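Residue numbers begin at 1 in each chain, while the letters A, B, ... track the order of the sequences. Predicted model, so just to flag it, every value in this text is computed and none were measured.
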Number of protein chains: 2
Amino acid sequence: MTTEPRQGAQAIRRALMVLRILAAGRESGVPLTEVVQATGLTRPTVHRIVHVLIEEGIVERHEKTGRYAIGGQVPELALARPSRSPLLAAADDILARTSQRVGDTLFLTVRTGNDTLCVDRRIGFYPIQVLSIEVGARRPLGVSSAGVAILAAMPMPDARKIVTANEVRFAGYRTSVATVLSQIALAKRRGYNLREAGLVQGTKSLSTWIKTPDRQPAAAITVSAVRTRLGPRREQEVAEILLEAALAIEKKIESLP
Amino acid sequence: MTTEPRQGAQAIRRALMVLRILAAGRESGVPLTEVVQATGLTRPTVHRIVHVLIEEGIVERHEKTGRYAIGGQVPELALARPSRSPLLAAADDILARTSQRVGDTLFLTVRTGNDTLCVDRRIGFYPIQVLSIEVGARRPLGVSSAGVAILAAMPMPDARKIVTANEVRFAGYRTSVATVLSQIALAKRRGYNLREAGLVQGTKSLSTWIKTPDRQPAAAITVSAVRTRLGPRREQEVAEILLEAALAIEKKIESLP
DNA sequence: GCTTGCTGTCCATAATGTGGACAGAATTGG
DNA sequence: CCAATTCTGTCCACATTATGGACAGCAAGC
């Protein structure tokens, strides 16, 4: 029951598109051209939208660089929703326990539209930790290990649709529709996703997916570690722990609301 | 240097207007009619905007009540800005110390557009505490004690402009332009704002304003207590403490960035 | 100087968003 | 049970609004 046919609000939808691209730029922001290319809108249009949003305090422009970023009024609006999401609440202590068992950095990543968004990170006890990704990091679904995992958990046609929609943005991350689709296929048959070459050289990531009560894949748990920490033997161990954690979180969400 | 003449984005501005009204409704949300009356837009327009925002995940609708509220995607966008605002950072420990000295509940309230927004609250040690306002509470400037304080700190023409803009919304809070203007005048000559009848019966509030380095009044510190705790003698004492705290925060903001 | 790669602005045009009017659903109360 | 009232949702003719091609400025590199 995905209804999406309401019209009469092109401009608003476009503004939100822009906002989501800007969100991916985090503090440092995004140059106008990049927004243009990522949204597929024309430059005058993006320019107008961005500047209206600046006047409204929703977007900021960095004095020096001229890049555009999410403005201070967005967190202010967010204050209207005090409570954490059920997922975050449910995941909290399970992540803590899992982190203790694994020892390497754990990430909790959710799907939001066609993006992945890192919403939690736990640092383990092992002396070498991969901290490449921070809470708030947002990338097109399919780029990160967590993204592939989430895509692998959904019906192939849906996944393909999302991947295609993200095609233009993949260029900036040195990947392609074909690459992502094959990674999804691999993850599907393995039951979890594995990434040999992480964003940082010499790291390896492993992700399992979490489904909400309505069976939609909505999130992923990821472990990142230096490659030597994740040999074939330990990979198997860690995979089982993560699968267990994912299941535990799914159960807990059901019991909460 | 307030430039506000950019056009070609009526719809986007309207959508943001709607969002800000919804933000004031917090978790419980706002019925459509109220949004219509607060924004001055027509009902079909508000309806369209709100429903597009729902499709985009920016707004949610409560199943039972049918009221509209800020959606889960807003905090997700807010994650793009990890750092606290300079004001919050500067105020942190000063609030803690002030709370120790006063013993009653302290609020930090900022101005955002034509609204006040409570961004921090410290509970004191005295056994009776006024907890009427929560972090995230948003009201039209002029309605709360903090709002009057902030208005009192700006040039009268500016204050009058804001108060007039909020006129339609005052009805819902049982106040009026005239009332607010007279409160502002009183606060101006006193150097801080005093409210005998708080939102809750039998409480009393006292607010001092904080200006940013560019001399714009941007926030207020408020103490709320049961009336008996704030007799004339203690009122004077508390006012001095709050004035001191406001000054300290102003100084600290300047030194930070 | 010329090119390349940005950002910003204009304005004729049509597509977009508007809102009056109508309709249904839910609640009240006589 | 049927007005009366008050809310939400939808339609569609119309003109206001947002669009984007074209032009312009500006800085960096060659």
* Structure fact -> Its contact letters, B for base, S for sugar-phosphate only and - for none at protein heavy atoms under 4.0 Å, make nucleotides 8-22 of chain C read BB------SSBBBB-

* Flag the pair B:H51 / B:Y68 as yes when their ring centroid distance falls below 6.0 Å, and as no otherwise. => yes

Pair [X] + [Y]: basic N to acidic O under 4.0 Å:
X      : Y      : value
B:K211 : B:E254 : no
A:R67  : A:E60  : no
A:D92  : A:K252 : no

Separation of [X] atom [atom1] from [N] atom [atom2], in whole Å?
X     : N      : atom1 : atom2 : value
B:E55 : D:dG9  : CD    : C1'   : 14 Å
A:Q37 : C:dT7  : CD    : P     : 13 Å
A:L53 : D:dA18 : CG    : P     : 13 Å

* To do: Start with the C-alpha distance between A:E196 and A:K204, add both sets of side-chain angles, then the distance that settles salt bridge (charged side-chain N to carboxylate O under 4.0 Å, His left out), and finish with yes or no.
  => CA-CA 5 Å; A:E196 288 289 344; A:K204 202 169 164 182; 3.7 Å; yes

